[in-house]
Visitor: 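One structure is given below, represented as structure tokens, and several questions about it will come after.
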Amino acid sequence: MGSTIAVPTAAHGTDRWERKITAAMPCVLSVLAVFACTWIAFRLGLSLGSTGFLYLIFVVLTAFYGGFWQATLVSMIAVAGLDYFFDDPVFSFSVGKLSDWVELGAFEFTALVISELSNRVQLRASEAIAERRDTDRLYRTARRLLLLESPSDLGNLVSLLVRETFELRGVVLFDSLSTRVYESGKAVRGAVDRVRDAFFGDVDTFDSGEQTWFCVLRVGKQPVGALALCGTDMRALAATALASLVAIALERAHTLEKHYHAEAARQAEQLRTAVLDSLAHQFKTPLTVIRTASSGLPAVGGLSEAQMELVSLIDQEAQKLNELASRLVSAPQLDSPEFEGEPEPLILSRLMKAVLQEVAPPDRDRFRMEVPAQEPPIFANHELIVTALAQLLDNALKYST
């Protein structure tokens, strides 16, 4: 792919000349007007004061539209016209006269005042235009930020959006929660370190030499990051407002990300509960058949003592598996909003003794229970508290010395 080189053409020179001519037009028109006014006033026989007042109008217009130096040139031409055509002796120059200096001073003072007022008006007009432009850009930025729905890549999207909307040279975004830095465009040298310093210092600064804002992103009074806006002369109010919009966008992205994680965890828990419930129901059918068969074997007869013990053992273990399956079936009900524990007053030591009786004798001797003299009752669901105690004893036998 070939590269394109911009070559200056005659059109560029023409544009420069057109700008110069446009800038000098107020002075040219005023000089022509002074000449025309001089001829008309001389033909009509107007006095020095009347003609001077007309000249003053042209000086005011030149100062307003062209500036002080153009008005100075018009003032000098006007004073020369007054001296030559209207001040005695007529048709002669006498610049040393006091009246000529008074007239020139009056014109110059008027030009200075009017040009200063004009500059202020133009400055306020440019500030109003810049304010409207920044307001429009802030509105477009806020609207586009609300449409972003990708929390994973939000930092890059926000930095690119801000740079394009505000026509910046570069943007650097620091997110303190993820400690990541996002860059878009060409930032100033050391912008990454300076944007971190702005966050830790919690101070907004403007580098006039680099034309760069370093703004802290705050949600309320809490700093959540920092933003560097490179190549801009926007006002402090606009920069602060933009930083607030970016901070809100980051906070919204973090909130959405947490919501997605919570929703994924909730769905995973629902899936786990459904699988356990399905497995529990599938276990109960073969266990019922096993218990039925083991209970029917003694009725057949002809079994030895050892065979009877084995059949009894099968029946006991099948009973335990059936209880476990029943617990798995009832487990999903515990997470249901409609579940009610139905607590009742119970004596914990009695429940513990009943649970200990289910432990095999060699392991039962490993436990020691101490009961207070006046044991207060507890309020709990009988079935659930027994299940919890049995699980505690089983874990102690498996994992404790």
Side-chain angles (χ1 to χ4, degrees), residues 258 261-300 303-401:
K258 292 178 182 178
H261 290 167
E263 181 65 19
R266 186 184 66 82
Q267 293 179 358
E269 181 65 21
Q270 288 181 345
L271 179 60
R272 183 188 66 83
T273 301
V275 170
L276 288 177
D277 186 50
S278 176
L279 289 176
H281 282 88
Q282 293 180 16
F283 274 126
K284 290 183 72 69
T285 299
L287 286 174
T288 302
V289 175
I290 292 173
R291 291 193 62 196
T292 302
S294 63
S295 300
L297 284 175
V300 175
L303 299 178
S304 64
E305 184 177 353
Q307 291 173 337
M308 287 295 295
E309 290 182 0
L310 291 175
V311 170
S312 177
L313 181 61
I314 293 174
D315 190 61
Q316 291 176 5
E317 296 302 320
Q319 174 65 23
K320 291 182 180 180
L321 288 175
N322 187 63
E323 292 177 358
L324 289 175
S326 299
R327 292 175 186 175
L328 287 177
V329 171
S330 60
Q333 300 176 0
L334 301 179
D335 296 328
S336 174
E338 292 80 14
F339 173 76
E340 296 181 0
E342 298 181 0
E344 56 181 307
L346 301 171
I347 301 300
L348 185 60
S349 60
R350 297 176 185 174
L351 299 178
M352 183 60 73
K353 290 177 181 178
V355 174
L356 283 173
Q357 293 302 317
E358 301 295 329
V359 180
D363 293 327
R364 188 186 310 163
D365 298 335
R366 297 174 59 188
F367 293 95
R368 183 180 70 254
M369 184 172 65
E370 296 179 359
V371 182
Q374 295 181 348
E375 182 182 2
I378 64 169
F379 287 86
N381 180 277
H382 184 277
E383 182 179 354
L384 295 179
I385 197 65
V386 168
T387 301
L389 292 174
Q391 188 65 53
L392 286 175
L393 296 184
D394 184 63
N395 289 340
L397 290 173
K398 291 180 179 178
Y399 308 112
S400 176
T401 57

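When reading the values below, keep in mind they use all heavy atoms of this one structure, side chains included, and skip hydrogens, waters and symmetry mates.
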Visitor: Could you work out, with salt bridge (Lys or Arg N to Asp or Glu O under 4.0 Å) as the rule, every residue matching Asp394, not counting sequence neighbours?
Guide: Lys398
Visitor: How far does CD1 of Ile385 sit from CD1 of Ile378, to the nearest 0.5 angstrom?
Guide: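 Atom-to-atom, Ile385:CD1 and Ile378:CD1 are 5.0 Å apart.
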Visitor: Should Met352 and Leu356 count as side-chain neighbours, where that means a heavy-atom distance under 4.5 Å?
Guide: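 Yes. Closest side-chain heavy atoms under 4.5 Å.
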Visitor: Counting only heavy atoms not in Arg364, do more than 12 fall under 6.0 Å of its CZ?
Guide: yes
Visitor: Mind listing the side-chain donor-acceptor pairs of residues 366-375 below 3.5 Å, one per line with the distance, residues two or more places apart or on another chain?
Guide:
from, atom 1, to, atom 2, distance (Å)
Arg366, NH2, Ser400, O, 3.1
Glu375, OE1, Ser349, OG, 2.7
Glu375, OE2, Leu348, N, 3.2
Glu375, OE2, Ser349, N, 3.0

Visitor: side-chain hydrogen bond (donor to acceptor under 3.5 Å, both in side chains) with Asp365: which residues, sequence neighbours excluded?
Guide: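 Expected list: none.
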Visitor: Taking all non-hydrogen atoms of both residues into account, name the closest pair between Asn381 and Leu384 and its distance.
Guide: OD1-N, 3.0 Å
Visitor: List the atom of Leu346, the atom of His382, and the distance in Å for their closest heavy-atom pair.
Guide: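 It is CD1-CA, 3.8 Å.
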Visitor: I would like to know whether Leu392 and Val355 meet side chain to side chain contact (heavy atoms under 4.5 Å, CB included); could you show each step before the answer?
Guide: CA-CA 10 Å; Leu392 286 175; Val355 174; over 6 Å; no
